[in-house]
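Below, chain A is the first sequence line, B the second, and so on; all start at residue 1.
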There are 2 protein chains.
Amino acid sequence: MSITLTYPCRSSVEVATVLPYRATTDPAELAETAPIMEPRFPDRNDGDDLIELLFFAYRDFVADPDRILAEYGFGRAHHRVLHFVDRYPGLTIAELLDILRITKQSLNRVLKDLIEQGYIAQRTGTNDRRQRLLFCTEAGIRFAEELSRVQMRRVARALVDQPGRGATDDPGEALASAQGFLLAMIEPEERATVRRLMARRTKAA
Amino acid sequence: MSITLTYPCRSSVEVATVLPYRATTDPAELAETAPIMEPRFPDRNDGDDLIELLFFAYRDFVADPDRILAEYGFGRAHHRVLHFVDRYPGLTIAELLDILRITKQSLNRVLKDLIEQGYIAQRTGTNDRRQRLLFCTEAGIRFAEELSRVQMRRVARALVDQPGRGATDDPGEALASAQGFLLAMIEPEERATVRRLMARRTKAA
DNA sequence: GAGATATGTCAATAACACTGACTTATCCGT
DNA sequence: ACGGATAAGTCAGTGTTATTGACATATCTC
C-alpha cells in the first residue's frame, strides 16, 4: 500500500500514496480525490529530531532579543511589530494582522506602546485614507537595528558553523538550503504572500 | 578592516575579523582576546529574509497542533511537555525545566493538568528517590502521536517540496542540511546537551 | 445613499509566564 | 548521625500576550 520511492543511500523521507484528507463529503469533489504522493519518514526519529531542533533553535533565537527588550521594558510582541514595520515601511494594520496572526486588540496594545514611546509613527494612507500606514521613527530604526544585530549574528554563524561542513563548502548553499527549507515549512497557500511581502523590502544591500 | 573571504558566486555570508565581546575587564583575560572570525551578511537582506522565514515557519509549524489542542482544551505549553515526556520517558522535572526554559511554577501548572487528566504519570526515581520520573500513559502516547502526526507531515513535505530542488535531488541531503542549520542555531554551549538528549530517544525505527 | 472595508475601542477572560518565599523529602560528605 | 545541598512541590501575587464579542467612526465603492 505504501510505495517506497526512497532514495538509495540512507533513511530520510519516502513518498507513499495516501488518500489526501478532504473536509468534504460532496461526491463530485471526492471523485477527483486521486491518491497523492505523501512524503513520510521511514524512520520517525528523523522527523522527531527535526521537530525538536526547530523548537530548540527557535527557543534560543528569541532569547537573544528578549534580553534586550527587557531593558527597554518591552516584550516579544513589540519586537515583532517593530521588526516588520522597520523592514516594510508603510505597512498597514491589516497587513500586520495577517503577518502576525493575532487580533486587532492584541496588536493595538503593543502598537500603542511603540507609538507613545516614539518608535513608530502613523500616517494616513494617500490612496485610501482609511488606512494607517506605519513607519519607524529614527529611534525606532535604531532600536530595530539593535535587536536585529543579535539575531543576524546567530543566523550568520549558523550558516558557517554547521558541523560536517568543510571550509570548502559554499555558505551560499547553506543559505539557499536553509531558506528553501523554511519557506517550504510555511503553509503552501501563504508562501506566495510571504514571497510578495519579502520582495517589497527596502533596505540597501 | 573587514577581510572578506566571501566565496565566488553569490552574496551570502562573509567572514570578518571582529573583536569578540567580553564581559570582563580583567587584563589577563582580555590579553587572550584575539580577533576572531565573525561571520557577516554582506547583504543584510539575506539575514533579514532568514529571520523572517524562521518566524513564518514557526508560526505555521505551531498552528497545526494548536488546532488539535484546542479540541482537548489544552495549550501549547501542554504540548511541549507531552512531546518531550513521550519521546524521553523517565525525564525528570529538572531536565524538563532545562529543556523548556520556564520556571518550576509554570511547568507545574500544565504538568498538573496532564497528570490529572491521565496523560502523564509520575514514578519515584530508583537511583535518586527525590526525583519524579515522568512517563506517558497509553492515552498520553496516543495524544502525543496525534499531535506529532501533523507536524511530522509538515516537516516531511518541507524536505520534499523545496522549490528549486529537482526530483533527482536527495531528500537525505535536505534533511541533513536542515538538521545542520537548526542545530547550529542553538546556543553553542547547549548543543552538546541537545545532542546528548536526542541520543536517548527510544522510539523504534 | 447603501453596504463594505479599515481602523479604533470597550470590557471581560484565558494562557502562559514571572518573582519571591517557603516546605518536604532525600542525598551525600564529613 | 548531622548538616548542607539538591529535587521537587506549593502559595500568593503579578505581568505579558493573547482571546472573544460588541460597537463606533471614517472612508471607499458602487
Side-chain angles (χ1 to χ4, degrees), chain A residues 55 58-59 62-63 65-85 90-117 120-135, chain B residues 55 58-59 62-63 65-85 90-117 120-135:
Chain A
F55 166 78
Y58 200 79
R59 180 196 70 177
V62 296
D66 275 359
R67 282 184 280 271
I68 298 170
L69 289 159
E71 295 170 20
Y72 285 78
F74 287 120
R76 274 179 215 176
H78 299 92
H79 182 199
R80 292 197 281 262
V81 170
L82 188 65
H83 171 91
F84 283 104
V85 172
L91 213 57
T92 67
I93 302 287
E95 287 170 325
L96 207 39
L97 288 176
D98 184 54
I99 289 170
L100 302 176
R101 295 288 157 82
I102 56 176
T103 58
K104 216 185 339 175
Q105 294 83 340
S106 295
L107 172 58
N108 227 277
R109 182 181 50 80
V110 290
L111 186 55
K112 219 174 98 182
D113 292 342
L114 289 165
I115 290 172
E116 278 174 1
Q117 303 196 30
I120 287 183
Q122 287 182 323
R123 284 212 293 266
T124 299
T126 45
N127 289 348
D128 186 335
R129 289 177 46 79
R130 288 173 302 181
Q131 294 178 331
R132 296 299 129 85
L133 309 184
L134 302 171
F135 297 90
Chain B
F55 166 78
Y58 200 80
R59 179 195 71 178
V62 295
D66 276 359
R67 284 184 279 270
I68 298 170
L69 289 159
E71 296 170 19
Y72 285 78
F74 287 120
R76 274 177 214 176
H78 299 92
H79 182 200
R80 292 196 282 263
V81 171
L82 188 65
H83 170 91
F84 284 104
V85 172
L91 213 56
T92 66
I93 302 288
E95 286 169 327
L96 205 40
L97 288 176
D98 184 54
I99 289 169
L100 302 176
R101 294 289 158 80
I102 57 176
T103 58
K104 216 186 335 177
Q105 294 84 338
S106 296
L107 172 58
N108 227 277
R109 181 181 50 81
V110 290
L111 186 54
K112 220 173 95 182
D113 292 342
L114 289 165
I115 290 172
E116 279 173 0
Q117 304 197 27
I120 288 182
Q122 289 181 321
R123 284 213 292 265
T124 299
T126 44
N127 289 348
D128 187 336
R129 290 176 45 81
R130 287 172 304 182
Q131 295 177 333
R132 297 299 131 85
L133 309 185
L134 302 171
F135 297 89

**Reported CG-to-CD1 distance for the pair A:L91 and A:I99, which is rounded to 0.5 angstrom** = 5.0 Å
**side-chain N/O A:N108 vs C:dT7 OP1/OP2, d < 4.0 Å** = no
**Message:** Looking at B:T126, is its backbone amide N or carbonyl O close enough to the side chain of B:R129 to form a donor-acceptor pair, meaning the two atoms are under 3.5 Å apart?
**Reply:** no
**Asked** Given the rule that a pair is Watson-Crick or G-U wobble with both distances under 3.5 Å, how would you write DNA chain C in dot-bracket, using | for pairs to a different strand?
**Response** ||||||||||||||||||||||||||||||
**Prompt:** Please give, in whole Å, the distance from C:dA15 P to B:I102 CD1?
**Reply:** 15 Å
**Item:** B:H78 side chain near C:dC16 phosphate (N/O to OP1/OP2, under 4.0 Å)
**Value:** yes
**Fill in**
Rounded to whole Å, CG of A:L111 lies from C1' of C:dT7 at a distance of 11 Å
**Fill in**
One should read off an interatomic distance between B:L97 CG and B:Q105 CD, to the nearest 0.5 angstrom, of 9.0 Å
**Request:** State the CD-CD distance between B:E95 and B:Q131, to the nearest 0.5 angstrom.
**Result:** 7.5 Å
**Prompt:** What pair of heavy atoms forms the shortest contact from A:G90 to A:L133, and how long is it?
**Reply:** O-CD2, 3.5 Å
**Request:** Please report the shortest heavy-atom distance between B:D98 and A:R59, naming the atom on each side.
**Result:** O-NH1, 3.5 Å
**Message:** Once side-chain hydrogen bond (donor to acceptor under 3.5 Å, both in side chains) is applied, do any residues pair with A:R109, and if so which ones, sequence neighbours excluded?
**Reply:** none
**Message:** Taking any atom closer than 4.0 angstrom to a non-hydrogen atom of chain B, what span of DNA chain D does the protein reach, first nucleotide to last?
**Reply:** D:dA5 to D:dC11
**Request:** Quick one: pull up NE2 in A:H79 and CG in A:L114 and give me the separation to the nearest 0.5 Å.
**Result:** 11.0 Å
**Message:** Closest approach to the side chain of A:R130, judged atom by atom: which nucleotide of C:dG8, C:dT5, C:dA25 is it?
**Reply:** C:dT5
**Prompt:** Atom CG in B:L134, atom CD in B:Q122: separation rounded to 0.5 Å?
**Reply:** 5.5 Å
**Prompt:** Does A:R109 make a side-chain N or O approach to OP1 or OP2 of C:dC10 shorter than 4.0 Å?
**Reply:** no
**Prompt:** Which part of the nucleic acid does B:E95 contact within heavy-atom distance under 4.0 Å: base, sugar-phosphate only, or nothing?
**Reply:** nothing
**Message:** So, does B:S106 get its side chain near the phosphate of C:dC16, meaning an N or O under 4.0 Å from OP1 or OP2?
**Reply:** no
**Complete:** Result for 5'-nearest mapping on DNA chain C, choosing between A:L133 and A:Q105, is A:L133
